[in-house]
Protein chains: 2
Amino acid sequence: MARRGSYAKGVAKREEILDAALEVIAREGFRKTSVREIATAANLSQTGLLHHFASKNELFTEILRRRDEVDAVNASTDPEARFIDTFPMIIRHNSKVPGLVQLYVSLATEAPDPEHPAHKFFTERFEGFREELVAEIQEGQRSGEFNTRLNPELAANSLLALADGLQTQWLLTPTLDMAAHIEAAIESWRSDPKP
Amino acid sequence: MARRGSYAKGVAKREEILDAALEVIAREGFRKTSVREIATAANLSQTGLLHHFASKNELFTEILRRRDEVDAVNASTDPEARFIDTFPMIIRHNSKVPGLVQLYVSLATEAPDPEHPAHKFFTERFEGFREELVAEIQEGQRSGEFNTRLNPELAANSLLALADGLQTQWLLTPTLDMAAHIEAAIESWRSDPKP
DNA sequence: GTCTATATTCAGATAGAC
DNA sequence: GTCTATCTGAATATAGAC
């Protein structure tokens with residue numbers, strides 16, 4: 001903050017690195033990818049890159065954070081759009097970028113460790129999505145869109161867990177249609193049609 | 001097979017190792033646990049243990065396979081019991097052994113690699129559970145227990161994916177009640193009560 | 001801020017004695 | 001079958017020059 005532009009410059013460089021990382025992981029996949037490989041993709045040495053991040057784990061966590069930002073922008077230009085409605089599109093997009101899905105499940109697996117930077121990221125991410133979903137389900141129940149027998153908290157958790165589990169299954173069996181399963185789950189929430 | 005007892009003895013020793021491994025992982029947790037730690041728990045050196053397994057990855061895959069065997073026996077003494085009915089109990093039991101859950105999600109994350117021994121294990125495991133579930137759902141639809149609007153394949157995949165995703169969430173947030181979510185999902189399959 | 005070079009750590013695999 | 005000892009390789013992290 002003290003010197004002119006230094007802060008913004010640092011942020012810009014970080015984003016440049018993160019976007020290069022996203023691009024290379026989406027293109028080449030992610031399987032125990034090393035910091036060096038990301039550094040090469042960003043035209044930097046390993047140390048040049050780690051100058052901008054505290055550690056390997058922070059780097060990979062920030063890549064995921066950046067991915068969420070990009071996805072949120074791409075999913076909908078309408079700031080009023082519901083999460084419920086954009087979620088299937090995000091999932092469908094995931095099936096275009098297996099490397100990023102692999103990165104996501106890998107870090108999710110490491111996230112239980114409270115020392116890991118991904119711990120905070122996944123905890124907050126889950127909480128945020130969960131609260132948003134609960135609110136949307138409750139609103140849908142008031143409007144008559146969703147079945148009132150649905151428990152909003154259970155349904156919200158289950159949809160998010162379903163999405164995570166589908167990604168694991170899909171990496172193993174890429175013929176699985178993740179988005180179709182998500183859509184069917186949301187469909188099952190709807191009120192029975194009046195006879 | 002040629003010499004008396006040698007084959008059976010080898011199998012017995014493997015099982016002894018696997019049971020020791022299950023015990024220590026359940027008790028101490030699993031976080032990038034090394035072969036050496038498993039070896040120590042089984043009163044063996046690293047090489048003494050790896051004499052019985054081709055590699056680290058095969059060892060850990062076999063630990064999971066053994067876990068499934070033990071779980072299947074413990075879940076129900078009745079060979080006629082449906083998977084649908086024993087599944088919530090298995091999940092409930094999982095919440096007593098976080099180390100084994102951690103091992104499971106860790107290997108599941110590595111399983112997409114076709115060279116990894118866990119690849120075959122998870123593929124077959126998923127297929128087996130899926131087929132069993134599809135058959136039980138169809139039978140339940142014929143008997144009137146389950147809603148006939150349910151797509152059996154989608155529902156079966158979704159229940160298995162839900163279970164996987166819940167484990168990831170639960171490792172992050174151990175207050176989450178995995179079994180309650182599984183039970184709610186199965187409950188949602190039931191036919192609407194006649195008015 | 002970025003680099004080269006190196007220290008450090010660690011784990012899996014292997015050789016060969018008993 | 002089991003051990004001790006060692007090899008090998010990988011990858012992060014650090015020191016210090018430019």
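Reckoned from all heavy atoms, side chains included, excluding hydrogens, waters and symmetry mates. Protein chains get the first letters and strands the later ones, always in sequence-line order, with residue 1 at the start of each. Treat the numbers as computed from the prediction; the structure is a model and nothing was measured.
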Between C1' on C/dA11 and CD1 on B/Ile38, what's the gap in Å once rounded to a whole number? 14 Å

On the nucleotide C/dC10, are OP1 or OP2 found under 4.0 Å from the side-chain N or O atoms that B/Lys32 carries? no

Going by the rule side-chain contact (heavy atoms from CB on, under 4.5 Å), which residues pair with B/His93 if we only count those two or more places apart in sequence or in a different chain? B/Asp71, B/Val97

Nearest-0.5 Å distance, CG of residue B/Asn94 to CG of residue B/Leu166: 10.5 Å

Does B/Ile25 reach the side chain of B/Ile38, with side-chain heavy atoms less than 4.5 Å apart? yes

Output every pair passing salt bridge (charged side-chain N to carboxylate O under 4.0 Å, His left out) with a member in residues 80-99 of chain A, not counting sequence neighbours, ordered by first then second residue. A/Arg82-A/Asp85, A/Arg82-A/Glu145, A/Arg92-A/Glu183

Could you tell me whether A/Glu69 and A/Arg65 have a side-chain N and a carboxylate O separated by less than 4.0 Å? no

Check the distance between C/dA15's P and B/Leu50's CG and give it to me in whole angstrom. 14 Å

Once you round it to whole Å, what is the distance between P of D/dG1 and CD of B/Glu16? 12 Å

State whether A/Lys120 and A/Glu124 are salt-bridged, where the test is any N-O pair (Lys NZ or Arg NE/NH1/NH2 against Asp/Glu carboxylate O) under 4.0 Å. yes

Can you tabulate the close N/O pairs, meaning under 3.5 Å, that link protein atoms to atoms of nucleotides 3-6 of chain D?
| unit_1 | atom_1 | unit_2 | atom_2 | d |
| --- | --- | --- | --- | --- |
| D/dC3 | OP2 | B/Ser45 | N | 2.8 |
| D/dC3 | OP2 | B/Ser45 | OG | 2.9 |
| D/dT4 | O4 | B/Thr47 | OG1 | 3.0 |

Atom CZ of B/Arg31 to atom P of C/dC10: distance rounded to whole Å? 15 Å

Between the CZ atom in B/Arg14 and the CG atom in B/Leu49, the distance rounded to the nearest 0.5 Å is 10.0 Å

Heavy atom of residues 54-63 of chain B under 4.0 Å from DNA chain D: which residues? none

I need the residues from residues 98-114 of chain A with at least one non-hydrogen atom less than 4.0 Å from DNA chain C; give them sorted by number, or say none. none

A/His51 side-chain N/O to C/dT2 phosphate OP1/OP2 under 4.0 Å: no

Any B/His119 side-chain heavy atom under 4.5 Å of B/Pro112 side chain: no

Run the salt-bridge test on A/Glu23 and A/Arg27 with the 4.0 Å N-O cut-off and return the result as yes or no. yes

Could you give the distance from OG (A/Ser55) to CZ (A/Phe60), rounded to the nearest 0.5 Å? 10.0 Å

Which residue pairs pass the side-chain hydrogen bond (donor to acceptor under 3.5 Å, both in side chains) test when at least one of the two sits in residues 166-175 of chain A, sequence neighbours left out? A/Gln169-B/Asp164

